[in-house]
Number of protein chains: 2
Amino acid sequence: MDQLSQVFAALADPTRRDMVARLTEADASVSELAAPYDVSIQAVSKHLKVLEGAGLVTRTKEAQRRPVHLEAEVFDLMTKWIERYQRQAEQRYQRLDRLLDELNGRDQPTTKGNAS
Amino acid sequence: MDQLSQVFAALADPTRRDMVARLTEADASVSELAAPYDVSIQAVSKHLKVLEGAGLVTRTKEAQRRPVHLEAEVFDLMTKWIERYQRQAEQRYQRLDRLLDELNGRDQPTTKGNAS
DNA sequence: TCGGTAATCAACCGGATGGTTGAATAGAAT
DNA sequence: ATTCTATTCAACCATCCGGTTGATTACCGA
């Protein structure tokens, strides 16, 4: 699986999105991260493995805690993809607008072609 | 499921991402969309249902063709989410930098503390 | 009216996903 | 050395997902 797919898939889960949100505030251990949610620590550990696989977080072994750190650069992957097609879709609208303007302009003065 | 999750999930699939990319160029019918891929038309129809559920495309019944149209505004949902936490993560780095600067600044001029 | 074409519906299948519980690992503390 | 704490590994389960094939709907054209 390509990284972009993994990033999108990782953020498709609300719990994982919330974890990412919290990690923008500060690094946190697995159990700290797990505290607010009504699921087992093992489930949270799995979520972290998904986020890690997507490159969104890194875990550094520090004694028996493994503080989780957000790697915000990966966001750029997504924003680049999104912005590209957002821009493209916008340009398409503009082309369409121009086309409509052109058609309008062309048969309003002459009234030659029939486009009713 | 909330829409944001649906949008992320929809774009987690490469085929669907490619369809979205192509729809920024022009609207297309289901079979037109299906042509490049090595899957059945039914599979593509399912993909479209996912994209539609996420609000990324709309389908207007027009004779027996059902042209698919991209609704680019939904991108904003994602960009807003991403940008918010991207910004927040950046600010966190800046806070950290300031903190380090402060610690550095405090014992660099005086050379009182030893932080070799 | 009778095909032909575009698309969806329905049932099924294998693999991924999110959750569980229980056992294992590993460092800290006593 | 033993125990406590943090985390992961492993097996299992239900559900979801992307794909298939076959049947069905709906419109167009001859």
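Order of the sequence lines fixes the chain letters, A, B, ..., with proteins taken first and strands second; residue numbering starts at 1 for each chain. Everything numeric here is computed off the predicted structure, so don't read it as measured data. Side chains included, hydrogens not; waters and symmetry mates left out as well; all remaining heavy atoms used.
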Quiz item: Between B:Ser31 and C:dA7, is there a side-chain N or O to OP1/OP2 distance below 4.0 Å?
Solution: yes
Self-check item: Heavy-atom protein contacts under 4.0 Å, nucleotides 11-18 of chain D, coded B base, S sugar-phosphate only, - none
Solution: B------S
Quiz prompt | Derivation of the side chain to side chain donor-acceptor pair (under 3.5 Å) call for A:Thr24 and B:Arg87 | solution = CA-CA 9 Å; A:Thr24 59; B:Arg87 207 167 39 242; over 6 Å; no
Exercise. Please tell me which of the listed nucleotides, C:dT20, D:dT20, D:dT8, lies nearest to the side chain of B:Val39?
Key: D:dT20
Self-check item: Between C1' of D:dT5 and CD1 of A:Ile41, the distance in whole Å
Solution: 10 Å
Quiz item: OP1 or OP2 of C:dC9 sitting under 4.0 Å from any side-chain N/O of B:Ser45?
Solution: no
Quiz prompt | Rounded distance in Å - CZ (A:Phe8) to P (C:dT17) | solution = 17 Å
Quiz item: Is any side-chain N or O of A:Gln42 under 3.5 Å from a base N or O of C:dG22, one able to act as donor and the other as acceptor?
Solution: yes
Self-check item: Parallel, tilted or perpendicular, as decided by the 30° and 60° cut-offs, for the rings of B:Phe8 and A:Phe8
Solution: tilted
Quiz item: Are there more than 12 heavy atoms of other residues, nucleotides or ligands under 6.0 Å from atom CG of B:Asp2?
Solution: yes
Quiz item: Between B:Lys49 (NZ) and C:dA6 (P), how many Å, whole number?
Solution: 20 Å
Quiz item: What is the minimum heavy-atom distance between B:Ile41 and B:Ala34, and which atoms define it?
Solution: CG1-CB, 4.0 Å
Quiz prompt | Under-4.0 Å salt bridge between B:Arg59 and B:Asp27 | solution = no
Quiz item: When you check the phosphate oxygens OP1 and OP2 of C:dG19, does a side-chain N or O of A:Ser40 lie under 4.0 Å from one of them?
Solution: no
Quiz item: If you group Ile, Leu, Val, Met, Phe, Trp and Tyr by side-chain heavy-atom gaps below 4.5 Å, do B:Leu4 and A:Leu56 land in one group?
Solution: yes
Self-check item: Interatomic distance, B:Arg59 CZ vs C:dA6 P [rounded to whole Å]
Solution: 16 Å
